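What follows is a short report on a single structure.
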Amino acid sequence: MHSQALPGFRDFFPDETTLRNRIFTVWRDVAARYGFEEYDGPPLEPLELYTQKSGEEIVSQLYAFEDKGGRAVALRPEMTPTLARMVAQRARALKKPIRWFTMPQLFRYERQQRGRLREHFQLNMDLIGEAGPLADAELIAAAVDVVRAFGLTAADFRVRISDRRVAQALLAAHGLTGPQIVAAYAQIDKLDRDPPEDLVQNLMRTASLEEHAAARVLAVGDIRSIDALRAAVSDASIDPDTVSPLLECIEALASMGLADYVAIDMSVVRGLAYYTGIVFELFDARRTMRAICGGGRYDGLLEALGGIDLPATGFGMGDVVLGELVRERGQASEVTGAVDLFLVAVTSEDVPAVLGLAHELRDAGRRVEYALKAQSVAKQLKLASARAASQAVLIGPDERARREALVRDLATGEERRMALSRLVESPSRPADR
RNA sequence: GUGGCUGUAGCUCAAUCGGUUAGAGCGCCGGACUGUGGCUCCGGAGGUUGCGGGUUCAAUUCCCGUCAGCCACCCCA
């Protein structure tokens, strides 16, 4: 292993590039189905774009350096600041709601683990200018449809949905104030990973709470159904208007037929402080992997970043965890070779004819390969099947004399003679594709 | 950034207690097969045992360091 890519960076071999392209294709297809337009920005940005509003943590994990002009720059770790800048430039001219998506390569300098590298591609879909819950439902549905497009079902993945406003109201109803609420989020976020006793102890310490109070606060994170949510809201005498967006969002997803995929889960916190409303995560049903996708409503952020006060909601879905999931449980992609036709020169005198035919076929859009040196017919056919070509086209002295070719179907072994002119004119796709 | 585990051929893995020339399967190349592929059989190439140091008559094996991968913490765009 003399040399390899930098830690956390990937070489994409053809197999892996095929999977990556498949992911990109699905991302674009699904985004198009939802009427989203693609945009992009620079991979290198001024460092201050991230130091202004992002947390210390993000800044410490930036790939940052000084360029030759003495500018402090950074590889983009996220797309939202760029999006905010771009939207701000044309906010007045853009018809709302704005539906934009992008698939940037993002960079973060941190220790890599499975499902988490220093570089990845991420589908970002954002809906800007609409504060209502149908906007949130729209994005959640799009995220679900991306994963469904790989043949995965509710047996493979789920969406957990929460709402910052509801969580905040419930915690406030327990008497918690600013810093205590932050501390409570930190522990609630760990509910599915750590023993509850530990979390209660942590919470008693970090939020200065009595044991029974800490336990009741943690119970907010255990709300996993609409009924449990209604009960908790009723017990805490919370304004029904606070809860209605979340309920409407869930109902909207049910109307779309996606009820099997979604569930309320008040333990979904999402790390970022800027989320202000409905938040959600997609995760694999066996919970053996990291979240596939995370997002939520971030009203207020665009004003902070770009000076334009528009409500917004969006999500990011990385190619790494999604790729693992698809590889593990997704529909196998159809195995297709890189070529349709493999041309075989029976003798070395037939090579010029093969070259001529190959180029005619390529001009006609066919995917064609032939041996690059004189080889036995057996050898050439061996290469043809290794390439998964659908047909081999044999040109020998006999064929040349009659201006025809012997076309062999490599799957069935059937052979038939065909005039060269017909071969070039035949459909650019073989019958089986 | 902190801690734990792991590192042998392109891939997946062997190699007895520290002991002779580090093996196998798959893959790759060639041959059986100069007008017919997949299958089969035969042969071949491919290794600084991650790297550096130490202990020892002797290190893939034990020790230290380092790099990389995995896992946990941190954090999660």
Side-chain angles (χ1 to χ4, degrees), chain A residues 1-11 13 15 50 53-63 74-83 102 104-124 126 186 189-190 193-194 268-275 279 281 283 288 290-296 298 301 314-321 337 342 344-350 371 374-400 405-415:
Chain A
M1 244 132 297
H2 259 203
S3 84
Q4 45 180 232
L6 287 169
F9 285 76
R10 296 171 285 177
D11 288 329
F13 287 91
D15 278 359
Y50 305 110
K53 267 298 162 188
S54 304
E56 285 297 318
E57 199 63 39
I58 287 183
V59 172
S60 73
Q61 294 177 345
L62 281 174
Y63 267 96
L75 290 171
R76 60 186 175 196
E78 57 169 330
M79 204 59 183
T80 308
T82 304
L83 172 66
T102 187
Q105 189 172 22
L106 304 176
F107 305 88
R108 175 178 283 195
Y109 193 94
E110 63 176 344
R111 182 163 294 196
Q112 64 163 326
Q113 289 181 32
R114 179 169 180 249
R116 198 173 178 197
L117 307 173
R118 287 180 170 179
E119 146 276 319
H120 75 158
F121 293 91
Q122 188 183 74
L123 169 65
N124 275 233
D126 291 275
D189 187 41
K190 296 179 184 169
R193 296 195 298 272
D194 293 351
V268 173
V269 170
R270 300 300 298 154
L272 290 182
Y274 59 62
Y275 286 118
V279 290
E281 285 178 349
F283 62 96
T288 57
R290 294 168 180 283
I292 304 163
C293 163
Y298 54 95
L301 184 65
F315 70 80
M317 180 187 295
D319 71 313
V320 181
V321 176
F342 195 100
V344 174
V346 175
T347 70
S348 54
E349 281 74 41
D350 304 314
Q375 284 182 319
S376 70
V377 171
K379 201 86 183 186
Q380 294 179 68
L381 285 173
K382 202 173 287 217
L383 184 53
S385 25
R387 293 290 199 252
S390 51
Q391 293 173 312
V393 178
L394 281 74
I395 306 283
D398 299 349
E399 284 78 14
R400 273 192 291 131
L406 183 63
V407 179
R408 179 180 176 87
D409 186 307
L410 288 169
T412 65
E414 276 172 42
E415 291 184 349

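Please read these numbers as outputs of a predicted model, since none were measured by experiment. Reminder, nothing fancy here: chain letters follow the sequence lines and each chain counts from 1.
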As a test of reading the structure: which of B/rG31, B/rA77, B/rC33 is closest to the side chain of A/Y274, going by heavy atoms? B/rA77
Rounded to whole Å, CZ of A/F315 lies from C1' of B/rA77 at a distance of 14 Å
Classify the nucleic acid contact of A/G8 as base, sugar-phosphate or nothing, counting any heavy atom under 4.0 Å across all strands shown. sugar-phosphate
B/rC76 and B/rC28: how far apart are their P atoms, nearest whole angstrom? 46 Å
Indicate yes or no for a side-chain donor-acceptor contact from A/D350 to the backbone of A/T347 under 3.5 Å, with no hydrogens or angles considered. yes
Given the P atoms of B/rG23 and B/rU66, what is the spacing between them in whole Å? 33 Å
Could you tell me how far B/rC33 sits from B/rU40 if I compare only their C1' atoms? Round to whole Å. 13 Å
According to the Watson-Crick and G-U wobble definitions, with both distances under 3.5 Å, which nucleotide is paired to B/rG27? none
Find out whether A/D126 and A/L83 are in side-chain contact, i.e. whether some heavy atom of one side chain is under 4.5 Å from a heavy atom of the other. yes
Answer yes or no: is there a side-chain heavy-atom contact under 4.5 Å between A/Y109 and A/R118? yes
Base paired to B/rC73 (Watson-Crick or G-U; both N/O distances under 3.5 angstrom): B/rG1
Between B/rU34 atom P and A/L394 atom CG, what is the distance in whole Å? 15 Å
Atom CE of A/M79 and atom C1' of B/rA77 are separated, to the nearest Å, by 12 Å
Measure CG/A/L123 against P/B/rA77 and give the value in whole Å, please. 15 Å
Would A/L6 and A/E119 count as a side chain to side chain contact (heavy atoms under 4.5 Å, CB included) if you check the C-alpha gap in whole Å, the side-chain angles of each, and the deciding distance to 0.1 Å? CA-CA 10 Å; A/L6 287 169; A/E119 146 276 319; over 6 Å; no
A/Q380 side chain vs A/Q375 backbone, donor-acceptor pair below 3.5 Å: yes
Are the side chain of A/R114 and the backbone of A/V321 linked by a donor-acceptor contact shorter than 3.5 Å? no
Expressed in whole Å, how much space separates the P atoms belonging to B/rA68 and B/rA24? 33 Å
Quiz item: A/E399 side-chain donor-acceptor pair to B/rG35 base, under 3.5 Å: yes
So, under a plain 3.5 Å distance rule, would you say the side chain of A/Q380 forms a donor-acceptor pair with the base of B/rU36? no
Can you tell me the distance, in whole Å, between the OH atom of A/Y298 and the P atom of B/rA77? 12 Å
Pull out every protein N or O sitting under 3.5 Å from an N or O of nucleotides 38-44 of chain B, one pair per line with the distance.
residue	atom	partner	partner atom	Å
B/rG38	N1	A/L410	O	3.3
B/rG38	N2	A/L410	O	3.2

Run the side chain to side chain contact (heavy atoms under 4.5 Å, CB included) check on A/F315 and A/L123 step by step: do they pass? CA-CA 8 Å; A/F315 70 80; A/L123 169 65; 4.1 Å; yes
Grab the CG-P distance between A/L381 and B/rU34 for me, whole Å please. 13 Å
If you look at every strand shown and take non-hydrogen atoms under 4.0 Å, does A/N124 touch a base, only sugar-phosphate, or nothing? nothing
For the backbone of A/E414 and the side chain of A/D409, can you confirm whether one donor and one acceptor N or O come within less than 3.5 Å of each other? no
Closest nucleotide among B/rA77, B/rG35, B/rG1 to the A/R111 side chain: B/rG1
Contact nearer the 5' end of RNA chain B, comparing A/L6 with A/K190: A/L6
Between B/rG37 and B/rC17 - P atom distance, rounded Å: 49 Å
Quick note, A/S376 side chain, CB onward, closest among B/rA77, B/rU34, B/rG35 is B/rU34
Can you identify which nucleotide, out of B/rG30, B/rG35, B/rA77, has its nearest atom closest to the A/L106 side chain? B/rA77
Taking atom P of B/rU34 as reference, at what distance in whole Å does atom CD1 of A/I395 sit? 21 Å
Between A/Q113 and B/rA72, does any side-chain N or O lie under 4.0 Å from OP1 or OP2? yes
Using purine N1 to pyrimidine N3 plus N6-O4 or O6-N4 for Watson-Crick, or N1-O2 and O6-N3 for G-U wobble, both under 3.5 Å, which nucleotide pairs with B/rA58? none
Using purine N1 to pyrimidine N3 plus N6-O4 or O6-N4 for Watson-Crick, or N1-O2 and O6-N3 for G-U wobble, both under 3.5 Å, which nucleotide pairs with B/rG7? B/rC67
Taking the same atom, P, in B/rC26 and in B/rU16, what whole-Å distance lies between them? 24 Å
In whole angstroms, how far is the P atom of B/rC76 from the CD atom of A/E119? 21 Å
Give me the distance, rounded to whole Å, that separates B/rG27 from B/rA9 when you measure between the C1' atoms they each carry. 11 Å
Look at A/K379 and B/rU36 and indicate whether a side-chain polar atom (N or O) is within less than 4.0 Å of OP1 or OP2. no
Between A/E399 and A/L406 (side chain of the first, backbone of the second, donor and acceptor by atom type, cut-off under 3.5 Å), is there such a pair? no
Atom CZ of residue position A/R400 - does it have more than 12 heavy atoms of other residues, nucleotides or ligands inside 6.0 Å? yes
As a test of reading the structure: which of B/rC70, B/rA77, B/rG35 is closest to the side chain of A/R114, going by heavy atoms? B/rC70
With C1' as the reference atom in both, quote the distance from B/rC39 to B/rU8 in angstrom, rounded to an integer. 32 Å
